[in-house]
Asker: 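Here it is, the structure, as structure tokens.
Chain letters run A, B, ... following the sequence lines, proteins first and then strands; every chain starts at 1.
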Amino acid sequence: MKISAPKGTRDILPAEITRWQWVERAFAETCANYGYQEIRVPTFEYTELFERGVGDTTDVVTKEMYTFTDKGGRSLTLRPEGTAGVVRAYIENGMASLPSPVRLFYDITAFRYENVQKGRYREFHQFGAEAFGAEGPAVDAELIHLLQQYFARLGLKQTSLHINSIGCPVCRASYNELLRDYLRPHLGTLCETCNVRFEKNPLRVIDCKVERCQTVTKNAPALLDNLCSDCAEHFAGLQHHLKLLGIEPVIDRGIVRGLDYYTRTVFEFVSEHVGTQGTICGGGRYDGLVESIGGQPTPGIGFALGVERLLMELEAQKLELPQPPLLPLYLAPLPTTRDAAALLCARLRERGIGVATDLIGRSLKAQLKYAAKTASAVIVVGDTEVETGKAKLRNLSDGSETEINLNDLDNLAELLKK
RNA sequence: GUGGGAUUAGCUCAGUUGGUUAGAGCGCCAGAUUGUGGCUCUGGAGGUCGUGGGUUCGAUUCCCAUAUCUCACCCCA
């Protein structure tokens, strides 16, 4: 045991792969119901894409990227999130000429160099969806409804939807000045980080967790109350659509989001179980992103969902998760009938039946023990059975036996499918 | 980047006030009159006690460093 998996990575073993496949499949099917099509984009991109797309002042870009130089001297980066790559693909492949809006979803691994803790890894999985070309709030509501339906399908409860609007560049700029004016007299009270935030992105001061910062910001003007009329109308429209769909959001002025590209609508699905990593899913609108990466001005909105966090939450809620299936049949030969069993096994597999037989010369007793753990039925293939063709199919869960004919494989295959 | 806890068999963990061949349960493999599983009994395989230094006659045990895991801050999914 010399080499272990790198820090922040983990193996997903057969014992848990079934639940992964389950959430992946449910996500793909839910997206399909809403007209979202899957897109697969590269695991690494030119570093510049993330610097421009995610924002070169964000923690994700400045401190957490896996960046390297390849043998051709290019600076490449393992994707820290999915949106930038999808936007790049949208532009590069001329998808703007497709019928609008363009709806896409993805299922990816992403990479961030940061300290590991509960629900957070250096290589992690995200599901996401993006919609391009729709400006009005209806598409915002569509994505939120999609997520709500996905969670319902999985049986997930106790997650609440938090929404906010962080405005457009115009109203955010004027708000930032308003906020700075409010904060300036209190700079001495604010923590060190917040003094940096004051210059860089004063919005973030509001969600600082240091107590003395919170007392300062308690009466600070809220961005939500200082939106320009277009943004305010958009946010009101979103609430109207959500109400129409029967979704009740929590208006949360504290949602700010750490990625620079967000505009207007931002939202999170939050759980109470996962502790401080309670945000299972986060997303928002990014109306300026396509243009800043070099495309035509195009409104866009999307979300990313942390798959590890989703699975943790499903477990925390003690929901019944699918278990790895047992093999339908095990064939137990004796030393004299190994060839006959091997042939029978192959013939059944050719008919699409999941079946296994002994490969290592185990005793009959040991084979039955093995079968009890790995299969749901067993047939002992002995000399008598091979000669007469008559054998017993034993159900390993209740011990019941059924007479079968080893020469009538189609019939046996039918029986096993039940 | 900062701080707390941990690291002994595949897994969950004992243990030694520093002393010969380091233990248990589960799991795995095999056997209990050589054709019938789950229970029981018996036996077996499997460990450089995370790694590297130091103190000591002697270190799994004490000290230092380091790695990894884990939890939290920050940030994010």
Asker: Please figure out whether Arg362(A) or Tyr113(A) has its closest RNA chain B nucleotide nearer the 5' end.
Answerer: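 First, find each residue's nearest nucleotide; the 5'-ward one identifies Tyr113(A).
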Asker: With a 3.5 angstrom cut-off on both distances, give the Watson-Crick or G-U wobble partner of G1(B), or none if there isn't one.
Answerer: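 C73(B) - that is the nucleotide pairing with G1(B), both distances being under 3.5 Å.
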Asker: So what does Ala110(A) hit on the nucleic acid, given a heavy-atom distance under 4.0 Å: a base, only sugar-phosphate, or nothing?
Answerer: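 Contact class for Ala110(A): none.
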Asker: Ignoring the backbone of Asn115(A), work out which of A72(B), A30(B), A77(B) is nearest its side chain.
Answerer: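 Between A72(B), A30(B), A77(B), the one nearest the side chain of Asn115(A) would be A72(B).
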Asker: To the nearest angstrom, how far is Tyr330(A) atom OH from G37(B) atom P?
Answerer: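 Distance check: Tyr330(A) OH to G37(B) P gives 14 Å.
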Asker: Among C71(B), A77(B), C74(B), which nucleotide sits nearest the side chain of Arg120(A)?
Answerer: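 Out of C71(B), A77(B), C74(B), the nucleotide with an atom closest to Arg120(A)'s side chain is C74(B).
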Asker: Nearest heavy atom decides the nucleotide; on that basis, is Leu334(A) or Lys373(A) closer to the 5' end of RNA chain B?
Answerer: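 Closest to the 5' end, via its nearest nucleotide, is Lys373(A).
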Asker: Counting heavy atoms from C-beta on, name the nucleotide in U36(B), A72(B), G37(B) closest to the side chain of Lys118(A).
Answerer: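 Of U36(B), A72(B), G37(B), A72(B) is nearest to the side chain of Lys118(A).
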Asker: Using a strict 4.0 Å threshold on nitrogen-to-oxygen distance, state whether Glu81(A) and Arg79(A) make a salt bridge.
Answerer: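 Result for this pair is no, no salt bridge flagged.
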Asker: What's the closest nucleotide to the Gln117(A) side chain, out of A72(B), U36(B), G38(B)?
Answerer: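 Per side-chain heavy atoms of Gln117(A), the pick is A72(B).
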Asker: Answer yes if the ring centres of Tyr113(A) and Tyr66(A) are under 6.0 angstrom apart, and no otherwise.
Answerer: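 Ring-ring flag for Tyr113(A)/Tyr66(A): true, centres closer than 6.0 Å.
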Asker: What is the separation between atom CZ on Arg394(A) and atom P on G38(B), rounded to the nearest whole Å?
Answerer: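 From Arg394(A) CZ to G38(B) P: 11 Å.
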Asker: Just wondering, do Phe124(A) and A77(B) stack (centres under 5.5 Å, planes under 30°)?
Answerer: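 Taking the rule of under 5.5 Å and under 30°, the ring of Phe124(A) does stack on A77(B).
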Asker: Over all strands shown, is Ala371(A) touching base, sugar-phosphate only, or nothing at heavy-atom distances under 4.0 angstrom?
Answerer: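 The residue Ala371(A) makes no contact with any strand.
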Asker: Which one, G37(B), U70(B), A77(B), comes nearest to the side chain of Ala372(A)?
Answerer: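 Of G37(B), U70(B), A77(B), G37(B) is nearest to the side chain of Ala372(A).
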Asker: Measure from the side-chain heavy atoms of Thr279(A) and tell me the nearest of C73(B), G37(B), A77(B).
Answerer: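 The nucleotide sitting nearest to the side chain is A77(B).
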Asker: With a non-hydrogen cut-off below 4.0 angstrom, is Leu396(A) in contact with a base, only sugar-phosphate, or nothing?
Answerer: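 Base contact.
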Asker: With both distances under 3.5 angstrom, what nucleotide forms a Watson-Crick or G-U wobble pair with A32(B)?
Answerer: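 By the stated definition (distances under 3.5 Å), U40(B) pairs with A32(B).
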Asker: Applying a 4.0 Å non-hydrogen cut-off, can you work out what Phe269(A) is touching in the nucleic acid: base, sugar-phosphate, or nothing?
Answerer: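 No contact at all - Phe269(A) keeps every heavy atom at 4.0 Å or more from the nucleic acid.
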Asker: Just checking Gly82(A): base, sugar-phosphate only, or nothing, at a heavy-atom cut-off of under 4.0 Å?
Answerer: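 It contacts nothing in the nucleic acid.
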